[in-house]
Amino acid sequence: MRLLSRSRSVQRRLLTIVGRGIPTAAIVGLAVIIQAAHGAPVATPQTIEVESPDKSVKVTIALRGGVPTYSVSRLGQPVVSPSRLGFRLRQGPALDGNFELASGVTTSVDRSWTQVWGEQKIIRDHHNQLAIELKGPSGDPRRLEITFRVFDDGVGFRYRIPAQPGLSKIEIADELTEFCLTGDHRAWWIPAYEHNRYEYRYTDSALSKTTKVHTPITFESADGLYLSIHEAALTDFASMTLWRANGNTYQADLVPWSDGVKVRGAAPMTSPWRTIQIADSPGGLIESYLILNLNEPNKIEDVSWITPGKYVGIWWEMHLGMSTWGSGPKHGATTPNTRRYIDFAARHGFDGVLVEGWNRGWDGDWTANSDSFSFTRPYPDYDLEGLAEYARQRGVRLIGHHETSGGVENYERQMEDAFALCQKLGIRAVKSGYVAHGRGIRRTDETGQVRNEWHHGQYMVRHYRKVVETAARYRVTLDVHEPIKDTGIRRTYPNMMTREGACGQEFNAWGGERRNLPDHTTILPFTRMLAGPMDFTPGIFDLLFEGYQQDNRVSTTLAKQLALYVVLYSPLHMAADLPQNYEARPEPFQFIKDVPTDWDTTKVLNARIGDYVTIARKDRHSDDWYIGSISDEHPRRLEADLSFLDPERAYIAQIYRDADDADWDKNPYAMAVETKTVTATTRLSLSLAPGGGTAIRIRPARQE
Ligand code: NOJ
Ligand code: CA
């Protein structure tokens, strides 16, 4: 064997190895170390290592009997033990073993980039990359490439199946990636392959109690490490769920097409990044931007029309059963009712008014009649053009609504016209929906046969992306309900602003036994929201809505509803309750009016998954800071260390807290509002009720 080429450049080193019985090659950081092992037996493992910039995280890639594997350690402790890599294809070359290492190229990146909007304005992308090429033994033309990026906060890797003899069309039968974890960790997870998509309460159990799970899934190890497995840049591929094959090992389980094929395409084909975020505190997972760093940069040149903000809407009244989406005497989306919401939005400085039920197609069982929906024709009692103009004159914009009820073909036929209409009317945001109870997404195949596809398979990954790209052409931003999970494409398409993809507030209106328990929002930031922003729709002030939706209620205190605006990040946040309920409580309403949705900095001050979390965020457009702190069903005393404040300044903290006798169950409305002078040396003591929270605005004191 020979070492063919080795560049001495600091930025880029090329390691090329040929022949069988290859020497052990270790790339440590950027220092390439080749240990020649002449005459070593064929079975000698071929190993390459790559470390993160601070050397805390290390990935080892080894060929074991020709099967590629990777393992991950942090500070010398194993995090992922040797785990298989590769694919099984329906036809063509075997990409599951009998490989040799052909080459390994390392590069190092340290650059910062600016989010168009976000929870953190400037993000540092600092990693070492190792791109390996696997090949068949001499004369065997099979090729598989895998690129690893190693950050101080975790690892991402992705495959590329290059064009090669015998492979033009690709049908993936199975991705063989494994994640062999090192213990029976505590896990927070939701099940995959259930009819209600991602809308399940999180289960907190031992890893050994899981079977098929969605990502992101979060783990806590016995020695205090926090891990999240997910994927980044999911593009024209099936989404990855995880199947616990045995013991502590998960195998990638790609959501199939209705005919069982996992992914279709042609070579060269690139997979999304498989990601493992690693932190030594729960907050470290929230402060990790690894998923965004693994996405492509922004593709939209002029972003002037992409604006974060807050909205109200004709929405909660339908969920409470006060009005209907469909036409008739209780129709919610009427011209006078919409004017009332527009006036309310204008009076209180909201940017948008969402109107659901404005378009034809809701009558009868809308969840079953997806082909009836029109995305351009309003109901006769809804003056679409007049209302768009009425809103614009008052500095407010209508937010469009496209509920497809899973009728993707019907929607795609109308999509261009629908977004063109939005652009014409000055509608800059659309909320969409893909409710499809108990069935999948209907697709007519090439033979005319109707099939049911999963929301999360490649067919829908393609559809959701087509909507993002079409909306961008018409300068429309998106808030997708029943979405594909977020994998960070907001970096590439910043018009993809927020989405549901978990149990949101709506479950409190009608979920009964399935409604959110007090700990739900103390789990979301460490699970679902590691993927990206969520349209949770906080801000319900009438927590008991007596007379409507018996056996339902919101299981929080009033102060906790305010804190959710800071804890749950979304660039578009709804003030979800009815206008009259806000005007009845002007003091807490002021916080919702004040709180921004676009941040400069995010810091987690304290957290225990499922118990409590306190997050501080600095406004992107002022010197104000905001803090949200929430608890599960237990009362808590927490401390907020304000050392992030400018030490040269004094600040005024407006504190919206649970009153001393508040309790989500027995006394949810009891709230106190206090003002305190604080500085960078202040340690604020927070007292949270059972199911409670605290919301704080901190602004610089005026210089006398
Ligand atoms: C489900 C969405 O989550 C909800 O917000 C919406 O009101 C209904 N679908 C109707 O589109
Ligand atoms: Ca939903």
Side-chain angles (χ1 to χ4, degrees), residues 119 188-203 212-218 228-235 237-242 255 272 275 285-286 291-292 295 315 401-406 408 429-437 440-441 453-457 460-461 463-465 467-468 471 477-491 493 495-508 511 514-516 520-521 523-538 564 567-574 576:
E119 67 279 58
W188 288 265
W189 56 280
I190 51 172
Y193 298 106
E194 295 292 338
H195 77 280
N196 224 12
R197 305 162 302 270
Y198 304 115
E199 296 176 27
Y200 290 91
R201 286 207 296 244
Y202 278 82
T203 300
K212 292 200 169 199
V213 297
H214 276 302
T215 75
I217 178 170
T218 302
S228 168
I229 301 180
H230 189 42
E231 58 183 313
L234 171 55
T235 304
F237 214 77
S239 61
M240 179 182 75
T241 67
L242 298 177
V255 175
T275 60
L285 292 178
I286 294 178
I291 303 278
L292 286 173
N295 273 270
W315 179 75
H401 186 232
H402 296 170
E403 172 58 68
T404 66
S405 84
V408 160
V430 163
K431 171 178 169 181
S432 57
Y434 294 84
V435 171
H437 287 308
I441 303 286
E453 302 294 344
W454 291 102
H455 276 69
H456 312 311
M460 283 303 285
V461 168
H463 167 74
Y464 287 115
R465 180 63 61 91
V467 178
V468 173
T477 61
L478 291 169
D479 166 7
V480 182
H481 280 230
E482 300 78 43
I484 187 65
K485 64 184 172 185
D486 200 343
T487 57
I489 66 152
R490 63 183 162 131
R491 177 173 180 192
Y493 296 97
N495 67 316
M496 180 57 251
M497 296 192 88
T498 191
R499 65 185 89 202
E500 190 189 37
C503 293
Q505 185 88 272
E506 65 184 25
F507 275 78
N508 296 327
R514 292 181 303 145
R515 72 174 186 269
N516 303 333
H520 182 59
T521 45
I523 299 172
L524 285 180
F526 306 98
T527 50
R528 154 67 185 82
M529 298 192 70
L530 297 179
M534 178 177 174
D535 185 33
F536 181 84
T537 69
L564 294 178
V567 170
L568 306 177
Y569 169 64
S570 181
L572 299 176
H573 252 322
M574 188 177 200

Between [X] and [Y] (side chain of the first, backbone of the second, donor and acceptor by atom type, cut-off under 3.5 Å), is there such a pair?
X    : Y    : result
N495 : V468 : yes
T404 : G433 : yes
T218 : F526 : yes

Output all residues satisfying salt bridge (Lys or Arg N to Asp or Glu O under 4.0 Å) with [X], sequence neighbours left out; order by chain, then residue number.
X    : value
E231 : R274, K485
E500 : none
R491 : none
R528 : none

What's the shortest heavy-atom distance between [X] and [Y], and which atoms?
X    : Y    : answer
P216 : S228 : CB-OG, 3.8 Å
S570 : P533 : CA-CB, 3.9 Å
V255 : A238 : O-CB, 3.2 Å
I217 : W188 : CG1-O, 3.5 Å

Taking side chain as C-beta onward, heavy atoms only, is [X] less than 4.5 Å from [Y]?
X    : Y    : answer
H230 : L530 : no
T521 : V567 : no
H214 : I190 : yes
S432 : V480 : yes
E199 : E506 : yes

With sequence neighbours excluded, tell me which residues meet ring pair (Phe, Tyr, Trp, His ring centres under 6.0 Å) with [X].
X    : result
H573 : Y565
H520 : none
Y200 : none
Y434 : H463, Y464

Legend entry - Any residue meeting side-chain hydrogen bond (donor to acceptor under 3.5 Å, both in side chains) with Y202, in chain and number order, not counting sequence neighbours: none
Legend entry - Residues forming a side-chain hydrogen bond (donor to acceptor under 3.5 Å, both in side chains) with H456, sequence neighbours excluded: Y198
Inset, instruction - Report the residues that fulfil side chain to side chain contact (heavy atoms under 4.5 Å, CB included) with R465, sequence neighbours left out, ordered by chain and then residue number. - result: T235, E469, I489, Y493
Inset, instruction - Apply side chain to side chain contact (heavy atoms under 4.5 Å, CB included) to A232 and list each qualifying residue two or more places apart in sequence or on a separate chain. - result: W273, T275, I291, L294, N295
Inset, instruction - Would you please test W189 and L242 for side-chain contact (heavy atoms from CB on, under 4.5 Å) and show each step? - result: CA-CA 11 Å; W189 56 280; L242 298 177; over 6 Å; no
Legend entry - Worked verdict on M460 versus V408 for side-chain contact (heavy atoms from CB on, under 4.5 Å): CA-CA 9 Å; M460 283 303 285; V408 160; 3.7 Å; yes
Straight-line distance of [X] [atom1] to [Y] [atom2], nearest 0.5 Å:
X    : Y    : atom1 : atom2 : answer
L572 : R499 : CG    : CZ    : 12.5 Å
H402 : H481 : NE2   : NE2   : 14.0 Å
H401 : D479 : NE2   : CG    : 8.5 Å
M497 : T477 : CE    : OG1   : 5.5 Å
R197 : E482 : CZ    : CD    : 4.5 Å
F536 : L568 : CZ    : CG    : 6.0 Å

Inset, instruction - Could you walk me through whether R490 and L292 pass the side-chain contact (heavy atoms from CB on, under 4.5 Å) test, one step at a time? - result: CA-CA 8 Å; R490 63 183 162 131; L292 286 173; 3.5 Å; yes
Inset, instruction - May I have the step-by-step check of side-chain contact (heavy atoms from CB on, under 4.5 Å) for S239 and I484, ending in yes or no? - result: CA-CA 8 Å; S239 61; I484 187 65; 4.1 Å; yes
Legend entry - Donor on one side chain, acceptor on other, Q505 and N508, under 3.5 Å: yes
